[in-house]
2 protein chains.
Amino acid sequence: MGHMTSEHRPALPASHALTERQEARRRRILHASAQLAGRGGFDAVQMREVAELSNVALGTLYRYFPSKIHLLVATMQDQLQHMHATLRKRPPTESDPGARVAQTLMRAFRAMQREPHLADAMVRALTFADRSVSPEVDTVSRLTTAIILDAMGLDSAATPEQLSAVRVIEHTWHSALITWLSGRASIAQVKIDIETVCRLIELTSPQRPE
Amino acid sequence: MGHMTSEHRPALPASHALTERQEARRRRILHASAQLAGRGGFDAVQMREVAELSNVALGTLYRYFPSKIHLLVATMQDQLQHMHATLRKRPPTESDPGARVAQTLMRAFRAMQREPHLADAMVRALTFADRSVSPEVDTVSRLTTAIILDAMGLDSAATPEQLSAVRVIEHTWHSALITWLSGRASIAQVKIDIETVCRLIELTSPQRPE
DNA sequence: ATCCGTTCTGTAACTTGTTCTAGATTAGCG
DNA sequence: CGCTAATCTAGAACAAGTTACAGAACGGAT
């Protein structure tokens, strides 16, 4: 079903070359997506409904977001940017870098708890995405990394070891979220696991090498 | 679309009460599933094709496995059991528990590399599964946990801390696998991340408390 | 203002997961 | 064996993601 070869479909021009009306359309679509996801989760985001709710033809919706997965990953990107901005305003209060990261992630987690359906839709899309969505997923990943690095409060550049630890934390974050969303882990367990993985930060910090 | 309430559909009797013919059918289905997944991945496992290839009517297929996700998770369970048996035969050679786990997971990873499409289908199904598949996903999770605990070579029962570390390793394992399968991480990076997360084992072992 | 290529709309068609139904087969039992 | 309930088969039908297409609206260049 996926045509990886030459694009038979006209894609949207580069992101910065959008008309005002086009920007508004894109925004309406993302808003509709988040709204539908907010109640009902992944299944409730139906492309026909998104199109109708955002006053856009189905074909246009697919021109802006070439698949439901693309749409939901873009929605996640959007939400993450909000969250990053929010988190920047109130930086973590802990002193240890690891504790700061854990605190930040638990804040993000509480935000997810407020909108579990939305979280479900976004995270499921993110982990279900195949190669055709890699660039977009990568953007989300970079955003998450930025949030974690921010929380660490790094003065200098991170070491490769630390970057690996951050990736592992990210893995744990996504996977623990899924486990919680599908009801196989409690909030307490997620908290413990986040705190456990954040110990890797102390372990890999250059100040305490071994 | 999921009807969570009372089952309107007659389910298969408890697993141990299967006729010989039924057991054979189940096996044919799982074999067909793995075969189709082996070339083509998640998308290539089409329920009609699975039914045809295993000489079973579509309705029967759905009686044995109530959804494509259930089918693929069951396929993973099947494959994991094989892998567990294989790994038991050649236990890891390293001495440190952490290194043993890392070694075991990299072995498993190499097995995945041999059948990337199959791995793709199984792992995507696993992380996409919703609440209705929780029991089956939980079984897979327990199998994975067993493999990791085996590799650790625990003499006594694991501490809660260690169990959390094992969960985090499992999270990292799944998520890193996905990242590799969708082409966003190299094999080398997966290896590094696995080794990084396995350090948590030493960190939480009772022998070296702080 | 007019013309032209692009974008958007409305709608139908196609694909694949899932459900439904009527009739054939099977398994267990007296 | 003959009966009955459960199971299986074949195929249609339905749902939602995706694609296709004809015509309307738009935007920019002359």
Side-chain angles (χ1 to χ4, degrees), chain A residues 1-5 7-14 17-26 28-29 33 36-37 40-73 121 124-125 128-130 132-133, chain B residues 1-5 7-14 17-26 28-29 33 36-37 40-73 121 124-125 128-130 132-133:
Chain A
M1 321 299 104
H3 306 287
M4 296 283 116
T5 53
E7 74 276 7
H8 296 280
R9 176 190 299 284
L12 230 35
L18 289 188
T19 311
E20 195 161 337
R21 292 167 60 84
Q22 288 179 320
E23 190 56 48
R25 263 189 213 105
R26 197 186 129 86
R28 283 206 308 278
I29 292 172
S33 168
L36 288 174
F42 187 89
D43 290 338
V45 180
Q46 303 194 354
M47 298 305 268
R48 289 170 173 83
E49 286 212 37
V50 172
E52 193 173 353
L53 194 54
S54 50
N55 285 308
V56 142
L58 191 55
T60 305
L61 171 53
Y62 273 96
R63 225 162 104 71
Y64 280 71
F65 303 96
S67 78
K68 174 170 172 171
I69 301 291
H70 281 85
L71 171 58
L72 284 173
V73 171
R124 296 259 293 288
F128 190 65
D130 64 1
S132 71
V133 204
Chain B
M1 301 299 105
H3 306 287
M4 297 283 115
T5 54
E7 74 276 8
H8 295 280
R9 175 191 301 284
L12 231 32
L18 288 190
T19 312
E20 196 162 337
R21 291 167 60 83
Q22 288 179 318
E23 190 56 49
R25 264 190 213 105
R26 198 187 128 86
R28 283 207 307 278
I29 293 172
S33 167
L36 287 174
F42 187 88
D43 291 337
V45 181
Q46 302 193 355
M47 298 305 268
R48 288 175 234 270
E49 285 213 38
V50 172
E52 193 173 353
L53 193 55
S54 50
N55 285 307
V56 142
L58 191 55
T60 305
L61 172 53
Y62 272 95
R63 226 164 102 74
Y64 281 70
F65 302 97
S67 78
K68 175 170 172 172
I69 300 291
H70 281 85
L71 171 58
L72 284 173
V73 171
R124 297 259 293 288
F128 191 66
D130 65 359
S132 71
V133 205

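The analysis underlying the following values was restricted to heavy atoms, covering all of them including side chains, and did not include hydrogens, waters or symmetry mates. Order of the sequence lines fixes the chain letters, A, B, ..., with proteins taken first and strands second; residue numbering starts at 1 for each chain.
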- Query: Taking the side chain of B/Arg63 as heavy atoms from C-beta outward, which of D/dC8, C/dT9, C/dG17 is closest to it?
  - Reply: D/dC8
- Determine: side-chain N/O of B/Gln22 to OP1/OP2 of D/dC8, distance under 4.0 Å, yes or no. yes
- Of the listed nucleotides D/dC8, C/dG17, C/dA12, the one nearest the side chain of A/Leu58: C/dA12
- Scan A/Val45 against the nucleic acid and name what it touches under 4.0 Å (heavy atoms): base, sugar-phosphate only, or nothing. sugar-phosphate
- Query: Nearest to the side chain of A/Val56 - C/dT9, D/dT19, C/dT7?
  - Reply: C/dT9
- On DNA chain C, nearest-nucleotide positions of B/Phe42 versus A/Ala57: which is more 5'? A/Ala57
- Task: Find the distance between CZ (B/Arg124) and CG (B/Leu72) and round it off to the nearest 0.5 Å.
- Result: 10.5 Å
- Task: Spell out, as yes or no, whether a donor-acceptor pair under 3.5 Å connects the side chain of A/His70 to the backbone of A/Ser132.
- Result: yes
- Query: Considering only side-chain heavy atoms of A/Arg21, which listed nucleotide, C/dA27, C/dG17, D/dC26, is closest?
  - Reply: D/dC26
- Message: Which heavy atom of A/Ala121 sits nearest to which heavy atom of A/Ala37, and what is that distance?
- Response: CB-CB, 3.7 Å
- Side-chain atoms of B/Thr60 come closest, of D/dT9, C/dG17, C/dT26, to D/dT9
- Message: To the closest 0.5 Å, what do you measure between CG (A/Asp130) and CD1 (A/Ile69)?
- Response: 8.0 Å
- Pairwise 5' ranking along DNA chain D for B/Arg48 and B/Arg25, keeping only the more 5' one: B/Arg25
- Quick one: label B/Tyr64 by what it contacts on the DNA or RNA (base, sugar-phosphate, nothing), any heavy atom closer than 4.0 Å. sugar-phosphate
